[in-house]
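Report on the following structure.
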2 protein chains.
Amino acid sequence: MATPDPHDVAAALLRTADQRYTRSRQALIEVLATADAPLTVDEIVDREQSLALSTAYRNLVVFEECGVVHRIVTSDEHARYELDEALTDRHHHHLVCSRCGVVLDFTVPDPLERELDRALEQVATSFGFDAEHHRLDLVGRCASCR
Amino acid sequence: MATPDPHDVAAALLRTADQRYTRSRQALIEVLATADAPLTVDEIVDREQSLALSTAYRNLVVFEECGVVHRIVTSDEHARYELDEALTDRHHHHLVCSRCGVVLDFTVPDPLERELDRALEQVATSFGFDAEHHRLDLVGRCASCR
DNA sequence: ATTTATGCAAATCGTTTGCAAACCT
DNA sequence: AGGTTTGCAAACGATTTGCATAAAT
């Protein structure tokens with residue numbers, strides 16, 4: 001099973017929600033697909049200057065509703081966005097720098113991840129929660145800020 | 001070892017940073033200590049009407065700098081605050097409702113927590129990160145919103 | 001042709017800040 | 001007294017939104 005093309009997956013997810021896969025949206029996905037870490041909206045429009053700020057914001061909302069991207073908020077004043085796992089095939093977690101706000105990806109060993117899933121499932125059940133996903137962040141000083 | 005008095009710990013932490021433990025600050029700690037979940041600033045000033053909004057915000061910043069409270073941001077538009085573990089003696093994680101934004105506390109079994117710590121330590125090392133703490137959130141629909 | 005998306009500029013809203021008065025030690 | 005903290009109102013800044021135009025089907 002090869003890694004899917006993010007554009008194909010995005011287009012399909014959008015179509016399901018009766019949404020078009022316009023040029024702006026393609027450009028947005030392209031930027032996120034070629035990024036190596038979650039980006040802020042400013043960073044996104046910097047990399048693709050044809051995108052108006054409001055268009056970026058609006059489409060990111062649509063993307064989130066369709067499960068195409070995830071919005072990540074840390075303590076930083078800027079939210080960050082990344083493609084959903086359906087577009088990247090890579091379950092991961094985040095290192096968050098408490099000083100500069102940068103976010104990096106990491107993974108944990110599969111067995112631990114499964115153990116975590118099991119434990120969280122129990123928690124959800126006992127709280128009457130309908131679990132959607134989990135987040136595991138490691139907060140600290142990044143190499144440049146320590 | 002008994003659970004410490006949050007006021008004593010807060011006062012001590014503040015003193016270390018040459019900060020006073022004023023009436024406003026005591027009231028703020030009292031509200032957080034009697035809450036059963038992280039609160040937004042609005043919720044805080046609702047419960048203690050003597051607190052001006054700006055005073056609450058300003059003191060929460062001071063508290064955070066002194067390690068007295070933690071600021072929690074989810075996807076919600078309001079940040080939430082809770083006492084640091086030094087004041088509560090209770091390491092826990094958060095259930096976050098993706099609809100209403102409410103945050104609830106939960107714990108995982110000790111062995112899993114320790115395994116997690118070990119794994120995160122390795123991650124931090126490999127990234128040259130100076131780890132401060134970790135966060136584990138379970139995101140979904142709470143019992144009232146599902 | 002009709003519906004949906006875009007861009008600009010203005011509005012929103014949580015949070016921050018300037019400044020004079022109140023407070024603490 | 002002398003430096004801090006507080007409260008009010010004004011400022012800020014990231015995000016959202018109204019509306020007229022452009023794009024997509």
Side-chain angles (χ1 to χ4, degrees), chain A residues 7 10-31 38-46 48-66 68-82 100-103, chain B residues 7 10-31 38-46 48-66 68-82 100-103:
Chain A
H7 292 286
L13 286 169
L14 289 170
R15 207 174 308 119
T16 302
D18 280 311
Q19 290 284 346
R20 299 170 181 174
Y21 196 44
T22 62
R23 279 190 206 339
S24 298
R25 291 176 181 178
Q26 294 167 31
L28 204 37
I29 294 295
E30 185 61 25
V31 171
L39 301 179
T40 64
V41 175
D42 288 333
E43 289 168 346
I44 292 171
V45 301
D46 263 11
E48 182 50 69
Q49 314 239 352
S50 72
L51 286 170
L53 203 54
S54 60
T55 299
Y57 274 113
R58 263 193 280 235
N59 284 329
L60 287 166
V61 169
V62 173
F63 285 178
E64 221 198 344
E65 286 168 353
C66 297
V68 172
V69 305
H70 278 293
R71 158 187 253 225
I72 302 164
V73 285
T74 61
S75 306
D76 209 8
E77 55 285 341
H78 294 260
R80 287 169 186 273
Y81 294 85
E82 68 177 359
C100 72
V102 74
V103 176
Chain B
H7 292 287
L13 285 169
L14 288 169
R15 207 174 307 120
T16 302
D18 280 312
Q19 290 285 346
R20 299 172 182 174
Y21 196 45
T22 62
R23 276 187 192 39
S24 297
R25 292 177 180 178
Q26 294 167 33
L28 205 37
I29 294 295
E30 186 61 25
V31 171
L39 301 179
T40 64
V41 174
D42 288 333
E43 290 168 345
I44 292 170
V45 300
D46 263 11
E48 182 50 69
Q49 315 240 352
S50 72
L51 285 171
L53 205 54
S54 60
T55 299
Y57 274 112
R58 264 193 279 235
N59 284 330
L60 287 167
V61 169
V62 173
F63 284 177
E64 222 197 345
E65 287 168 353
C66 297
V68 172
V69 305
H70 278 294
R71 157 187 253 223
I72 301 165
V73 286
T74 60
S75 306
D76 209 9
E77 53 285 343
H78 294 261
R80 286 169 187 273
Y81 294 85
E82 68 178 359
C100 72
V102 73
V103 177

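Just so it is clear, the values below take in all heavy atoms, side chains as well, and ignore hydrogens, waters and symmetry mates.
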Sub-3.5 Å pairs of nitrogen or oxygen atoms, protein against nucleotides 18-22 of chain D:
residue	atom	partner	partner atom	Å
D:dG18	O6	A:R58	NH2	3.2

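- Taking 4.5 Å as the limit, every side-chain heavy atom of B:R20 sits out of range of all side-chain heavy atoms of B:R15.
- Pairing each heavy atom of A:V45 with each of A:A56, the nearest pair is CG1-CB, 3.9 Å.
- Summarising the geometry, the separation between CD on A:Q49 and P on C:dT6 is reported as 18 Å, rounded to the nearest angstrom.
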Give each protein N/O atom lying under 3.5 Å from an N/O atom of nucleotides 10-12 of chain C, with the pair distance.
none

Begin from the C-alpha positions of B:V69 and B:L28 and carry the test side chain to side chain contact (heavy atoms under 4.5 Å, CB included) through to its verdict.
CA-CA 11 Å; B:V69 305; B:L28 205 37; over 6 Å; no
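- Listed by chain and number, the residues in a side-chain contact (heavy atoms from CB on, under 4.5 Å) with B:S24 are B:T22, B:L51, B:T55, B:N59 (sequence neighbours excluded).
- Atom-to-atom distance recorded for A:L14:CG and A:C66:SG is 5.0 Å, nearest 0.5 angstrom.
- Of the listed nucleotides (C:dA5, D:dC8, C:dG7), C:dG7 has the atom at the smallest distance from the side chain of A:A52.
- Put simply, CG on B:L51 is 12 Å from P on D:dC8, counting in whole angstrom units.
- Every residue meeting the salt bridge (Lys or Arg N to Asp or Glu O under 4.0 Å) condition with A:E43, not counting sequence neighbours, appears here in chain and number order: A:R80.
- We find that CD1 of A:I72 is positioned 17 Å from C1' of D:dA14, with the value rounded to whole Å.
- Atom-to-atom, CG of A:L60 to C1' of C:dA5 comes out at 14 Å; the value is rounded to the nearest Å.
- Applying a 4.0 Å cut-off to non-hydrogen atoms, none of the residues of residues 75-82 of chain B approaches DNA chain D.
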Check nucleotides 22-25 of chain C for protein N or O atoms closer than 3.5 Å to its own N or O atoms and list the pairs.
residue	atom	partner	partner atom	Å
C:dC24	OP1	B:R23	NH1	2.6

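- Taking 4.5 Å as the limit, some side-chain heavy atom of B:F63 sits within range of a side-chain heavy atom of B:I29.
- By the side-chain contact (heavy atoms from CB on, under 4.5 Å) test, A:R58 pairs with A:S54, sequence neighbours left out.
- Rounded to 10 degrees, the angle separating the terminal helix axes of the helix from C:dA1-D:dT25 to C:dT25-D:dA1, each built from five base pairs, is 40°.
- Not one side-chain nitrogen or oxygen of A:Y57 sits closer than 4.0 Å to the OP1 or OP2 atom of D:dT16.
- Looking at B:Q26, its side chain does come within 3.5 Å of a backbone N or O of B:Y21 through a donor-acceptor pair.
- Rounded to an integer number of Å, the gap from CD of A:Q26 to P of D:dA23 is 15 Å.
- In this structure, NE2 in A:H70 is found 8.0 Å from CD in A:E64, a value given to the nearest 0.5 Å.
- Counting only heavy atoms from C-beta outward, the side chains of B:Y81 and B:I72 never approach each other to under 4.5 Å.
- Summarising the geometry, atom OG1 belonging to A:T40 is positioned 8.0 Å from atom CG belonging to A:D76; distances are rounded to the nearest 0.5 Å.
- Contact check of residues 38-46 of chain A against DNA chain C (heavy atom, cut-off under 4.0 Å) returns no residues at all.
- Here the P atom of nucleotide D:dG7 and the CG atom of B:N59 are 9 Å apart, to the nearest Å.
- Take A:V61 and apply the side-chain contact (heavy atoms from CB on, under 4.5 Å) test, not counting sequence neighbours, and it matches A:E65.
- Applying the side-chain hydrogen bond (donor to acceptor under 3.5 Å, both in side chains) criterion to A:Q19, with sequence neighbours excluded, gives A:R25.
- For the pair A:E82 and A:R71, the minimum side-chain heavy-atom distance is 4.5 Å or more.
- From B:R23, atom CZ reaches atom OG of B:S50 across 10.5 Å, with rounding to the nearest 0.5 Å.
- When side chains are defined from C-beta on, A:D42 counts as touching A:H78, because their heavy atoms get closer than 4.5 Å.
- Rounded to whole angstrom, the span from the CG atom of A:L53 across to the P atom of D:dG13 amounts to 15 Å.
- Residues forming a side-chain contact (heavy atoms from CB on, under 4.5 Å) with A:E77 (at least two apart in sequence, or on another chain): none.
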